[in-house]
Amino acid sequence: MRYISTRSLPGDPGAPFCDIVLEGLAPDGGLYLPVSYPQIGERLPELRRIWETEGYAGLGFTILSEFIDDIPAEDLRGICQRAWNADVFGSPEVAPVEELRDGLWLCHLSNGPTAAFKDMAMQLLGQLFEYELGRRGREMNIVGATSGDTGSAAEYAMRGRQHIRVFMLTPKGRMTPFQQAQMFSIDDPAITNIAVDGVFDDCQDLVKAVSNDLAFKAEHSIGAVNSINWARLVAQVVYYVAAWVQVTGSDEQEVSFCVPSGNFGNICAGHVARQMGLPIRTLLLATNENNVLDEFFRTGVYRVRSSDETLETSSPSMDISKASNFERFVFDLLGRDGERVADLFGVQLAQQGFFDLSETDEFRSLQEDFGFASGSSTHADRVATIQQVWDECGVMIDPHTADGVKVATSTEPVEVPMVVLETALPVKFAATIREALDREPEVPAAFAHLDALPRHVVDLPKDVEALKALIVSKVSTSPV
Ligand SMILES: *Cc1c(COP(=O)(O)O)cnc(C)c1O
């Protein structure tokens, strides 16, 4: 399988998986996608059998094999087994499902080391990076910025991996106490937590300044683990298949998914699964008050927001101003026309801040051809939904999952099973749980003693030279 950019011209031969896995954006500014989607529609009975006999990792290996042909099969199988197992994810199913009430299901994706669904993909990425860097005899210094879930998922996936160091910038004093405890308690010389005197955008500017210094980047093997990485996306395809197998009894039966969305990574994997022939009827996209994507699916206009227009909500991991993976879907929507995508994302968005597809045939047939629908939710909806699911089903859900349940239960009559993807555990968002239920969230055993552990974090001014000096000194003192 070869990979092309969403902005590529016809005839582009593309690159093999292992050449793009360590990269972020394609050189032309687009995002990588496979040249075609492998088809699994005829193989559903086999996939069901593999799930029953070999479990999540076996299913994951089978699906990934369709996309990755430049890693020997036994190596890839080992990578999947180390990424996805009961020790890491707390149950043999890895992504178990639970029926809340007739036809409404949760798929639990948050039982990994950092209690958010990003672990599902990041654990695979950690294994893939270690493997590929080892093969190439290289090391990588991952430099990233986080306001919460991504950074900690990356640190927990990369800790202990050979050839990899992580430098993670956080806005000082601006993460929740749980998020701080989770990241700063990591005691590993290859993982450096950095508290920057500033806000999240300042952190991101510093990361950009480092990676835009091409000489520094090359000399010190600077890399990233951002949400547009193709391996993260393909890893997420696996749980759509696992959820479908668990919820359905026959191979013809369709399900719908409702996905709390921010950067469009999670639901884009659902789109890929549907293109591969998994029987998905509707992909229902849920946003919070930052409804950039809901607006597009309702109106055909994609208008990115400024940081002033981006609200701070009680489902903070969905507080986005633009959706970094969205370009992948638009590429498919427009019949894989890279020139049009380059114009929309590279020219129109850059110049006027929006593009408008409302008058196109592609947008008019979007729901029929691609199964997408959308809805949005507010703080009051989240609180009411957390209460309702707790009172009626005895299940405590986090505010992001609540956005999903709210949209799932208010938009569609349930004709086929509706699976809401759970994206985090309540323990990460205690304040909203207290507001909704007047009680503390359940604390899984793994997190019970986090608060008591010593903190490992370096303070840094908003200064790129100081950041570079820190990286250089760490690289010379902590071998990986
Ligand atoms: C990242 C995240 C999301 C949004 O997922 P995308 O792939 O960016 O759409 C939703 N909920 C939680 C808890 C997250 O961490």
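One-based numbering, in listed order, for ligands and for the atoms of each. Predicted, not measured: the structure shown is a model, and the values here were computed from it.
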When distances are taken from atom 11 (N) of ligand 1, the protein heavy atom at minimum range is Thr423 OG1, 2.9 Å
- Item | Ring centres under 6.0 angstrom apart (Phe370, Phe297) | no
More than 12 heavy atoms of other residues, nucleotides or ligands under 6.0 Å from CD of Gln352: yes or no? yes
>> Taking the six-membered ring of Tyr156 as reference, does the cationic atom of Arg159 (NZ for Lys, CZ for Arg) lie under 6.0 Å from its centre and within 45° of its axis?
In response: yes
Quick note on ligand 1: atoms under 4.0 Å from a heavy atom of Ala424 include exactly 13 (C)
Per-atom filter on ligand 1: closer than 4.0 angstrom to a heavy atom of Lys118 are 1 (C), 2 (C), 3 (C), 14 (C), 15 (O)
If we number the atoms of ligand 1 from 1 as shown, the ones under 4.0 Å from a heavy atom of Met318 are 10 (C)
Worksheet item: With ring centroids as reference points, do Tyr240 and Phe257 lie under 6.0 angstrom apart?
Response: yes
Please check whether Asn263 reaches ligand 1 - meaning an N/O of the residue sits under 3.5 Å from an N/O of the ligand, judged on distance alone. yes
**Q.** Phe67/Tyr3 aromatic ring centres below 6.0 Å
**A.** no
Tell me if the centroids of the rings in Phe329 and Phe372 come within less than 6.0 Å of each other. yes
Ligand 1 to Gly265, heavy atom cutoff 4.0 Å, flagged ligand atoms 6 (P), 7 (O), 9 (O)
re atom 7 (O) of ligand 1, the protein heavy-atom contact at minimum distance is Asn266 N, 2.9 Å
Residue, atom and distance of the protein heavy atom nearest atom 9 (O) of ligand 1 read Gly262 N, 2.7 Å
Atoms of ligand 1 under 4.0 Å from any heavy atom of Phe117, numbered from 1 in the order shown, are 1 (C), 2 (C), 3 (C), 5 (O), 7 (O), 14 (C)
Q. Side chains of Asp319 and Thr310: do they bring a donor and an acceptor to under 3.5 Å?
A. no
inquiry  = Would you say CG of Asn212 has more than 12 non-hydrogen atoms from neighbouring residues, nucleotides or ligands within 6.0 angstrom?
reply    = yes
In ligand 1, the atoms that come under 4.0 Å of a heavy atom of Phe264 are 6 (P), 8 (O), 9 (O)
Using heavy atoms and a 4.0 Å limit, tell me yes or no: is Ser227 in contact with ligand 1? no
